[in-house]
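Residue numbers begin at 1 in each chain, while the letters A, B, ... track the order of the sequences.
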Protein chains: 2
Amino acid sequence: MPKRVDHDLRRRQIGEALLRIASTRGLQAASMREVATEAGVSLRLVQYYFHTKQELLLGALAYLGEQLSARVEAHIRALGMPPTPRSLVYGTLTAILPTDAESRRLTRTYAAYYALVLAEPALAADHGATYPDLLERFLAGHLRTAQRSGQVDPDLDAPTTAAGLLALTNGLGSSVLGGQRDGDAALAILTYHLDRLFGGSPGGSAAGPAPEAS
Amino acid sequence: MPKRVDHDLRRRQIGEALLRIASTRGLQAASMREVATEAGVSLRLVQYYFHTKQELLLGALAYLGEQLSARVEAHIRALGMPPTPRSLVYGTLTAILPTDAESRRLTRTYAAYYALVLAEPALAADHGATYPDLLERFLAGHLRTAQRSGQVDPDLDAPTTAAGLLALTNGLGSSVLGGQRDGDAALAILTYHLDRLFGGSPGGSAAGPAPEAS
DNA sequence: ATTTTGATGATACGTTCGTATCAAAAACGC
DNA sequence: GCGTTTTTGATACGAACGTATCATCAAAAT
């Protein structure tokens with residue numbers, strides 16, 4: 001048996017090269033040739049692992065989703081264990097806010113794909129609609145938990161509040177990428193709203209364990 | 001003197017043809033030839049009025065800004081005269097939420113330009129940064145007025161709240177365009193937050209008439 | 001060392017793009 | 001109807017794109 005190479009790894013290397021181009025110069029600059037150069041491989045190899053460009057775009061989009069999920073998880077973990085409802089909401093939202101180089105890259109790439117999907121809905125058959133939905137339900141669940149433990153006003157509608165928080169964070173992210181304000185200013189606005197929501201007190205106590213992120 | 005034609009009008013007709021394409025098929029589908037076809041003129045004429053494509057993109061972006069401003073104004077007016085602080089905030093935010101065909105077209109086009117500007121910042125020299133800023137200051141000012149007249153909690157930070165409302169609206173708009181929810185659901189979430197902000201009571205002196213669907 | 005798989009190279013096809021260059025025709029105020 | 005302006009026509013260029021097709025080279029497991 002001859003040379004063995006992890007095909008999934010190669011595909012990932014090439015796909016992430018595309019994501020790197022998309023984050024800096026946009027998806028329209030991500031031609032097959034440019035991706036090959038960025039990945040340090042030949043054009044022929046890109047064609048070898050992705051028979052068509054649509055395949056490449058879809059594969060890279062999947063990698064982007066994984067990177068985003070990983071960052072959200074890491075951000076939640078960074079706020080201490082075990083996670084409280086507050087740290088889960090806070091960590092999730094601050095993870096997708098472009099405040100550092102990595103989150104800027106992720107959100108810029110996401111924005112590029114978002115525009116592409118708007119023009120060509122066939123690209124995100126179901127990936128685009130379910131992922132934000134999952135995030136929203138995740139937030140709503142923990143908000144409800146926080147309501148039950150008295151950290152959040154129980155009169156609030158949890159799903160509506162969760163949708164509002166996620167939309168707020170996305171909108172703040174857009175304003176940061178658009179150059180309207182910097183990441184710290186956006187983070188300040190987000191924490192202002194979160195602190196108002198969570199009643200100012202650090203709270204948390206020894207509340208019950210929360211559902212798990214996927 | 002021979003045939004006289006309003007050059008500004010011609011430029012507008014061509015520019016708006018580009019906006020129409022951008023709203024449905026994205027900016028990458030808006031080639032000079034496609035714009036000419038959409039506008040019902042020859043490619044040569046597009047080149048006559050816009051010497052380069054960048055000129056065309058910039059000109060059309062200006063028209064988009066005018067259309068957006070006009071819609072915001074019309075939406076505010078539709079909420080009754082004279083406008084109250086509440087109707088000004090409500091009208092501004094609902095105007096830029098994709099709830100009907102026109103607002104969907106506007107926000108989709110705006111999203112397409114947003115992605116283009118992210119990849120090519122030279123396109124929106126100052127147009128991109130100042131317009132949302134103006135909107136935000138506009139909202140903050142009327143929020144402060146509402147605070148002084150007791151319709152809004154005076155403990156709130158007006159600029160931060162205004163930035164949050166605008167970001168919330170933009171984020172909700174993105175979720176609508178992305179197919180996560182429909183315009184009515186987004187409008188319900190927005191009004192939920194606005195009603196909480198404005199203390200639930202219709203307030204605003206002689207309570208204004210209900211918003212109108214367009 | 002042979003065999004199988006991974007990787008490169010060079011190149012080409014057909015399309016579309018932005019842009020440019022000829023020219024001629026059509027419309028309209030005087 | 002003259003003359004100026006607007007508009008169209010027919011192409012053409014070079015470049016970049018996605019895709020495809022040759023053949024060859026390198027590497028590693030048996």
Residues passing the side-chain contact (heavy atoms from CB on, under 4.5 Å) test with B/Ser31, sequence neighbours excluded, are B/Arg33, B/Glu34
Hits for side-chain contact (heavy atoms from CB on, under 4.5 Å) against B/Arg12, two or more places apart or cross-chain, chain-then-number order -> B/Glu16, B/Tyr63, B/Glu66
Residues 167-185 of chain B vs salt bridge (Lys or Arg N to Asp or Glu O under 4.0 Å), sequence neighbours excluded, gives A/Glu136-B/Arg181
Sorted by chain and residue number, the side-chain contact (heavy atoms from CB on, under 4.5 Å) partners of B/Thr24 (sequence neighbours excluded) come out as none
Sorted by chain and number, sequence neighbours left out, side-chain hydrogen bond (donor to acceptor under 3.5 Å, both in side chains) with B/Gln13 holds for B/Arg10
Applied to residues 156-170 of chain B, the side-chain hydrogen bond (donor to acceptor under 3.5 Å, both in side chains) test, sequence neighbours excluded, yields B/Asp157-B/Thr160
Note: contacts of residues 36-50 of chain A with DNA chain C (heavy atom, under 4.0 Å) are A/Val41, A/Ser42, A/Arg44, A/Leu45, A/Tyr48, A/Tyr49
Would you tabulate the nitrogen or oxygen pairs shorter than 3.5 Å linking the protein to nucleotides 14-17 of chain C?
from	atom 1	to	atom 2	distance (Å)
C/dC17	OP1	B/Ser31	OG	3.4

Taken in chain and number order and not counting sequence neighbours, the residues that satisfy salt bridge (charged side-chain N to carboxylate O under 4.0 Å, His left out) with A/Arg77 are A/Glu73
Between its two end axes (five pairs each) the helix from C/dA7-D/dT24 to C/dC30-D/dG1 turns, nearest 10 degrees, through 30°
Residues pairing under salt bridge (Lys or Arg N to Asp or Glu O under 4.0 Å) where one sits in residues 96-119 of chain A, two or more places apart or in two chains, turn out to be A/Arg71-A/Asp100, A/Arg71-A/Glu102
If you look only at distance, which donor and acceptor atoms sit under 3.5 Å apart when one is on a side chain in residues 118-125 of chain A and the other is two or more places apart or in another chain?
none

